[in-house]
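Contents: one structure, followed by commentary.
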There are 2 protein chains.
Amino acid sequence: MVSTEGEEIIVLGSSDIDIHMISDLFHRNSKIYTAIIIGECEIHYQGRASSKAPLGTRIVIYKSDGSLLVHEGKDRDPLNWQPPGSLCISDADKGFLEIRCRSRKYGHEIVSIRFKRILTAIWCRLSTKGLEVHGTEKDLVEMIYMNPSVISPSAKVIGREVETPSGKIDLILRDDPGNIYVVEVKNEKAGISAVNQLDRYVKYLESMQSRSPDVTRRIIGVLVSNGITRRAREALIERGYIYIDSMSLKIGNTSQTLMKYVK
Amino acid sequence: MVSTEGEEIIVLGSSDIDIHMISDLFHRNSKIYTAIIIGECEIHYQGRASSKAPLGTRIVIYKSDGSLLVHEGKDRDPLNWQPPGSLCISDADKGFLEIRCRSRKYGHEIVSIRFKRILTAIWCRLSTKGLEVHGTEKDLVEMIYMNPSVISPSAKVIGREVETPSGKIDLILRDDPGNIYVVEVKNEKAGISAVNQLDRYVKYLESMQSRSPDVTRRIIGVLVSNGITRRAREALIERGYIYIDSMSLKIGNTSQTLMKYVK
DNA sequence: GCCTAGGTCCCGTTT
DNA sequence: AAACGGGGCCTAGGC
């Protein structure tokens, strides 16, 4: 048996491989150590869907947060996996190492890995710091929230994350002439679904407005995104809405792009 | 220099670590071998978004298809990554190993990894077989396609993957009384967006129908999914559409669930 | 190449 | 806990 106390990393080469030892290590300290096993294995998955992978050489990673990854030599995404909080049980009694991993959240989901041969096995402590990401949609909404004049010079924010039966409206603005702007922000290239989403919000506000007939304001759909697909642009124009490229906002350009549309 | 010819796996322990050798291995045979490096590193990413990860112990995997993964001890998804087809360049001349990886597709995307310390480095040949997945939405559509009577006893398929300006309709059926069924299938629990999707399809068919006023058929929206959220169900009912739980279909139950709705 | 939509999506945030 | 929506989503399939 190998002591793991305080070890920073344990590397077992092919000559050190003993499946009972590996099975033992797999169970101990799994809350602290991340285990990495490289070898030939078959994999079965049964759950929301089901799959079977034939014998092949793969990397299996069982992280300290209970997530399981099985990677091949291609693709960013794992071939099989289990989400964080899953529990692995290993068994070496049948002459080969078998790992069964059950999801805590979806109890009926099971990934089963049977190793025919193990090339190397590693245990190590990895950091769990995460990172800071900038330049997301949230940042873009925040920017417009702080500078609504980029949409229209006299615009003021009158709503943010406004709930509707069809989802949340990113921003609602109103300018001095009384125009209402429904702003949908996408950090990526906008497709048809983004236009449909905007359409739904505008239609909803119009239906609300029609219930108080004393007030009749113009409601203008505005899509802010990093590019737009051809079909989406056509649909946008057909419905009389407006597209603003997010890049023109990001560079601090408070251009009056909109003014040529809004009279 | 280490020979990699024909080697199945190369494992360098902490005592073998020479960053110039690792840098050299990183460049050679990267089309065949997958490289795995575990060590303390800082990471910078600049591209569609940007991020920075402080010094921490992580796993870096550079696959033979050109994908790059950086994993910590938590989460199914990598902390940083680069998609397949990316190119890594390593450099050991400044006294530490630095790997810069550029995406081929998005040329301006760069992940930069600077290792302060390397614990182990591995090269191995992994399989790239992929797998077969069953129980997906496609299978469910196929099942209904082969057995349209599960929707309504006399129903026949009159359309599949039908293109509309708002997306593709999974299935369109017609029964003997002449009712038209627009079927949207979700393999997962359906949310508001699924109802909106179905609504768009029905509205589109209705608009098509109104152009040929001699034909007036009843168009019935049908959502087949593995569960439905409360708000989605409310929206569905409000619009007069029908929900069928996919589980009731999967068990071969050709129940006449629908008949109580369709007169 | 662009565009569309599904996914064992993952993941954070809010209700 | 459930639900909703973003994501550097990824990945497959059409055109």
Side-chain angles (χ1 to χ4, degrees), chain A residues 45-51 67-70 74-84 86 101 103 105-106 108-111 130-131 133-141 161 163-164 166-170 184-194 197 226-233, chain B residues 45-51 67-69 74-84 86 103 105-106 108-111 130-131 133-141 161 163-170 184-194 196-197 226-233:
Chain A
Y45 158 71
Q46 187 70 244
R48 280 165 286 186
S50 65
S51 68
S67 42
L68 176 79
L69 315 176
V70 182
K74 70 185 179 81
D75 293 346
R76 194 209 79 141
D77 282 352
L79 185 73
N80 288 107
W81 71 92
Q82 214 58 287
S86 302
C101 188
S103 161
K105 187 169 183 182
Y106 306 96
H108 55 95
E109 304 243 359
I110 293 182
V111 170
L131 45 67
V133 180
H134 302 281
T136 61
E137 172 178 317
K138 197 176 162 191
D139 296 322
L140 200 48
V141 172
E161 299 289 315
E163 292 273 3
T164 80
S166 300
K168 278 186 226 172
I169 301 174
D170 286 332
E184 172 62 24
V185 178
K186 293 286 172 204
N187 197 37
E188 59 198 344
K189 182 180 267 201
I192 281 178
S193 62
Q197 200 176 345
N226 183 9
I228 184 167
T229 67
R230 190 173 44 75
R231 288 177 61 184
R233 182 187 281 275
Chain B
Y45 157 70
Q46 187 68 244
R48 281 165 286 186
S50 64
S51 68
S67 41
L68 177 80
L69 316 176
K74 70 186 181 78
D75 294 345
R76 195 208 77 141
D77 282 353
L79 185 72
N80 287 107
W81 71 92
Q82 215 57 288
S86 302
S103 161
K105 188 169 182 181
Y106 305 96
H108 55 95
E109 305 243 358
I110 293 183
V111 171
L131 46 67
V133 180
H134 302 283
T136 62
E137 170 179 319
K138 196 176 162 191
D139 297 321
L140 199 49
V141 172
E161 299 288 315
E163 292 274 2
T164 80
S166 297
K168 277 185 232 175
I169 301 175
D170 285 332
E184 173 60 26
V185 178
K186 293 286 173 205
N187 198 37
E188 58 197 345
K189 183 179 268 200
I192 282 178
S193 61
N196 287 337
Q197 202 175 345
N226 183 8
I228 183 167
T229 66
R230 189 174 46 77
R231 286 178 63 185
R233 183 187 279 277

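Each chain gets a letter, A, B and so on, in the order the sequences are listed, and its residues count up from 1.
- Looking at every heavy atom in both residues, B:A232 comes nearest to B:I192 through CB-N, 3.9 Å.
- Closest of all the heavy-atom pairs between B:V111 and B:W81 is CG2-O, 3.4 Å.
- With a 3.5 Å ceiling on both atom-pair distances, D:dG8 lacks any Watson-Crick or G-U wobble partner.
- Contact of the A:L140 side chain with the A:N226 side chain is not registered, since no non-hydrogen atoms from C-beta on lie closer than 4.5 Å.
- The shortest distance between side-chain heavy atoms of B:D170 and B:E161 falls below 4.5 Å.
- Look at CD on B:E161: it is 9 Å from C1' on C:dA5, rounded to the nearest Å.
- Residues A:S50 and B:H134 are in side-chain contact: their nearest non-hydrogen atoms beyond the backbone lie under 4.5 Å apart.
- When rounded to the nearest whole Å, the span between CD of B:Q197 and P of D:dG5 equals 13 Å.
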Legend entry - Under 4.0 Å protein heavy-atom contacts per nucleotide of nucleotides 8-15 of chain D, with B for base, S for backbone only and - for none: BSSS----
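- One atom, CG of A:N226, and another, P of C:dC3, lie 13 Å apart when rounded to the nearest Å.
- A gap of 24 Å separates the C1' atoms of D:dG8 and C:dT14, to the nearest Å.
- The same atom, P, is picked in C:dT8 and in C:dT4; the two are 23 Å apart, to the nearest Å.
- Here the shortest heavy-atom pairing between A:S86 and A:C101 reads CB-SG, 3.8 Å.
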Each nucleotide N or O in nucleotides 1-3 of chain D that has a protein N or O under 3.5 Å away: list the pair and distance.
residue	atom	partner	partner atom	Å
D:dA3	OP2	B:K189	NZ	2.7

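- Using a 4.5 Å heavy-atom threshold, the side chains of B:V133 and B:L131 count as touching.
- Under the salt bridge (Lys or Arg N to Asp or Glu O under 4.0 Å) criterion, B:E137 pairs with no residue at all, not counting sequence neighbours.
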